Amino acid sequence: MVDPLTAARRLLGAQLEAGEAAGEVSATIVEVEAYGGPHDGPWPDPASHSFRGPNGRNVVMFGPAGRLYTYRSHGIHVCANVVCGPVGTAAAVLLRAAAIEEGVGLARARRGAAVRGRALARGPGNLCSALAITMDDYGTDLFDPSSRVRLRLGAAPAVADGPRVGVSQAADRAWRFWLADRPEVSAYRRSPRAPAHGTSD
DNA sequence: GGTAAGATCAGC
DNA sequence: CTGATCTTACCT
């Protein structure tokens, strides 16, 4: 797993598990977005948190691949990324949506009784909520069996792609990927702060 | 030490 | 479409 585009495709169909014991909740990743790094790196990406170099929030993105990069969005939600790329080079894949396989009851208890099954982990904030991923999980090694959040890679079926959601920079880049024919995939919404279509990136 | 912006979500 | 709610970065 090296560049973010390859990593993004590879993560589709992978199993994400979260829980102290043998996986309280497990889910299949169905939608992701690739994010690059600084302007002078191999994948310059003005929409990435790492674009302006390492800082207190994004340091883990510059570390080894396979770690979890969590950040708080709009002061309310937590979003999760899988770090990729070699050490010293920032890149990550944002987990945007998943299909809950095991622990549906627990996920619904966390999200709310009225939430439809397909929407339990739809959207990056909702995904973390359903799996109880918090800022405490920042930097977690996703391939360590003793971690609270774990990842099991699989083979990816048919993949579709399109522009990323909600980014104001490089808004026309087709760096979002999802599994075709999946009801859990979230709807595309362009950022209101993004320039007119075709002008960005 | 102040401030503005934000890889979101739910509710009207 | 709007508001909630807060962390961080980037000024001055």
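Basis for what follows: all heavy atoms, side chains included, without hydrogens, waters or symmetry-related copies. Not measured: the values here are computed from a predicted model. Chain letters run A, B, ... following the sequence lines, proteins first, then strands; residues in each count from 1.
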Please produce a list of atom pairs where a protein N or O lies less than 3.5 Å from an N or O of nucleotides 10-12 of chain C.
none

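- The CG atom of Leu11(A) sits 6.0 Å away from atom CG of Leu151(A), with the distance rounded to the nearest 0.5 Å.
- Legend: residues meeting side chain to side chain donor-acceptor pair (under 3.5 Å) with His49(A), ordered by chain and number and at least two apart, are Tyr69(A).
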Annotated protein contacts, base or backbone, on nucleotides 5-12 of chain B with a non-hydrogen cut-off under 4.0 Å, one of B, S, - each: -BBBSS--
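- Partners of Arg111(A) according to the salt bridge (Lys or Arg N to Asp or Glu O under 4.0 Å) rule, which considers only residues two or more places apart in sequence or in another chain, do not exist here.
- By the salt bridge (Lys or Arg N to Asp or Glu O under 4.0 Å) test, Arg148(A) pairs with Asp137(A), sequence neighbours left out.
- Distance CZ (Phe51(A)) to P (dA9(C)): 16 Å, rounded to an integer number of Å.
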Base-pairing string, 5' to 3', of DNA chain B - Watson-Crick or wobble, under 3.5 Å, | interstrand: ||||||.||||.
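- Listed by chain and residue number, Ser146(A) satisfy the side chain to side chain donor-acceptor pair (under 3.5 Å) test with Asp144(A) (two or more places apart in sequence, or in another chain).
- Shown here are the side chain to side chain donor-acceptor pair (under 3.5 Å) partners of Asn55(A), two or more places apart in sequence or in another chain: Asn58(A).
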Listed pairs under 3.5 Å, donor-acceptor, residues 115-125 of chain A side chains, sequence neighbours left out:
residue   : atom : partner   : partner atom : Å
Arg122(A) : NE   : Glu184(A) : O            : 3.4
Arg122(A) : NH2  : Pro183(A) : O            : 2.7

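- Listed by chain and residue number, nothing satisfies the side chain to side chain donor-acceptor pair (under 3.5 Å) test with Arg182(A) (two or more places apart in sequence, or in another chain).
- With sequence neighbours excluded, no residue forms a salt bridge (Lys or Arg N to Asp or Glu O under 4.0 Å) with Arg152(A).
- Under the salt bridge (Lys or Arg N to Asp or Glu O under 4.0 Å) criterion, Arg57(A) pairs with no residue, sequence neighbours left out.
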